[in-house]
Every structure is written in C-alpha cells, then in structure tokens.
Student: 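Would you mind keeping the following structure in view while I ask a few things?
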Amino acid sequence: MTGPINLGNPGEFTIRELAEMVLELTGSRSRLVFQPLPPDDPTQRRPDIRLAQEKLGWAPTVPLREGLLHTIGYFDRLLSDGAGA
C-alpha cells in the first residue's frame, strides 16, 4: 500500500463554525476577521476515510467538541507548566 491515508472526521462543519466553537470553549474575546477566499480554496473539507477504514480498521470516535476540549486542556497545561515560554 502506498500513498497517503486520510485521517479525520467526515462530519462536515464550516471553518466559521469551528472558529466560533474554539472562541466559545476558550472564553476568548478575540473577534473573527473575514477575508475573501483564495481562488483555490476547497469547497469541501470532508476527508474520505474509506482507505483508513479498509486498511487500518480506523474510524474517528471522539466528537469535535470533546476533542477540542481535550486539545485546549493540553495546551492550558503546557502553558501553565511554563513549556510555552
């Protein structure tokens, strides 16, 4: 088997939805800035994970919100331990 295997969650959400969720979960007061899309911007960001399922027996099990909470907690711990300095 050669070539890349997509690992991701095939559940679709917009980048705006992701950014808003990150702001909500972190309690950030940052504001979103909207820019024109580049001409080569993909219209769909849904990974095809069939190869991962077939060859690796892998499928995502952690919902987006839960995964973000784990990721935010990880970086909070890193920063509080001084690793981010």
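Scope of the values below: all heavy atoms of this structure, side chains included, with no hydrogens, waters or symmetry mates.
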Student: Would you kindly confirm whether Ile72 and Phe13 end up in one hydrophobic cluster when ILVMFWY residues are joined by side chain heavy atoms under 4.5 Å apart?
Tutor: yes
Student: Quick one, Thr71 with Tyr74, criterion side-chain contact (heavy atoms from CB on, under 4.5 Å). Give me CA distance, side-chain angles, the key distance, then yes/no.
Tutor: CA-CA 5 Å; Thr71 301; Tyr74 170 79; 5.6 Å; no
Student: Go through Leu18 and Leu68 one step at a time and tell me if the side-chain contact (heavy atoms from CB on, under 4.5 Å) criterion holds.
Tutor: CA-CA 10 Å; Leu18 175 63; Leu68 285 173; 3.9 Å; yes
Student: Between atom CG of Leu69 and atom CZ of Arg65, what is the distance when rounded to the nearest 0.5 Å?
Tutor: 6.5 Å
Student: Would Ile5 and Ile49 count as a side-chain contact (heavy atoms from CB on, under 4.5 Å) if you check the C-alpha gap in whole Å, the side-chain angles of each, and the deciding distance to 0.1 Å?
Tutor: CA-CA 7 Å; Ile5 296 179; Ile49 63 166; over 6 Å; no
Student: For Pro10 and Pro47, work out which heavy atoms get closest and say how close.
Tutor: CB-O, 3.9 Å
Student: Any Lys/Arg nitrogen of Glu20 or Arg16 sitting under 4.0 Å from an Asp/Glu carboxylate oxygen of the other?
Tutor: yes
Student: Identify, with sequence neighbours excluded, every residue that meets side chain to side chain donor-acceptor pair (under 3.5 Å) alongside Asn6.
Tutor: none
Student: Please report the C-alpha distance between Leu64 and Asn9 in whole Å, then the side-chain angles of each, then the deciding distance to 0.1 Å, and finally whether the side-chain contact (heavy atoms from CB on, under 4.5 Å) criterion is met.
Tutor: CA-CA 8 Å; Leu64 176 62; Asn9 191 321; 5.7 Å; no
Student: So, taking the atom named CD in Glu17 and the one named CD in Glu12, what distance separates them when rounded to the nearest 0.5 Å?
Tutor: 10.0 Å
Student: Is it the case that the side chain of Glu54 and the backbone of Leu51 share a donor-acceptor pair, with hydrogens and angles ignored and the cut-off at 3.5 Å?
Tutor: no
Student: Taking all heavy atoms of Thr26 and all of Leu23, pick out the closest pair and write down the distance.
Tutor: OG1-O, 3.4 Å
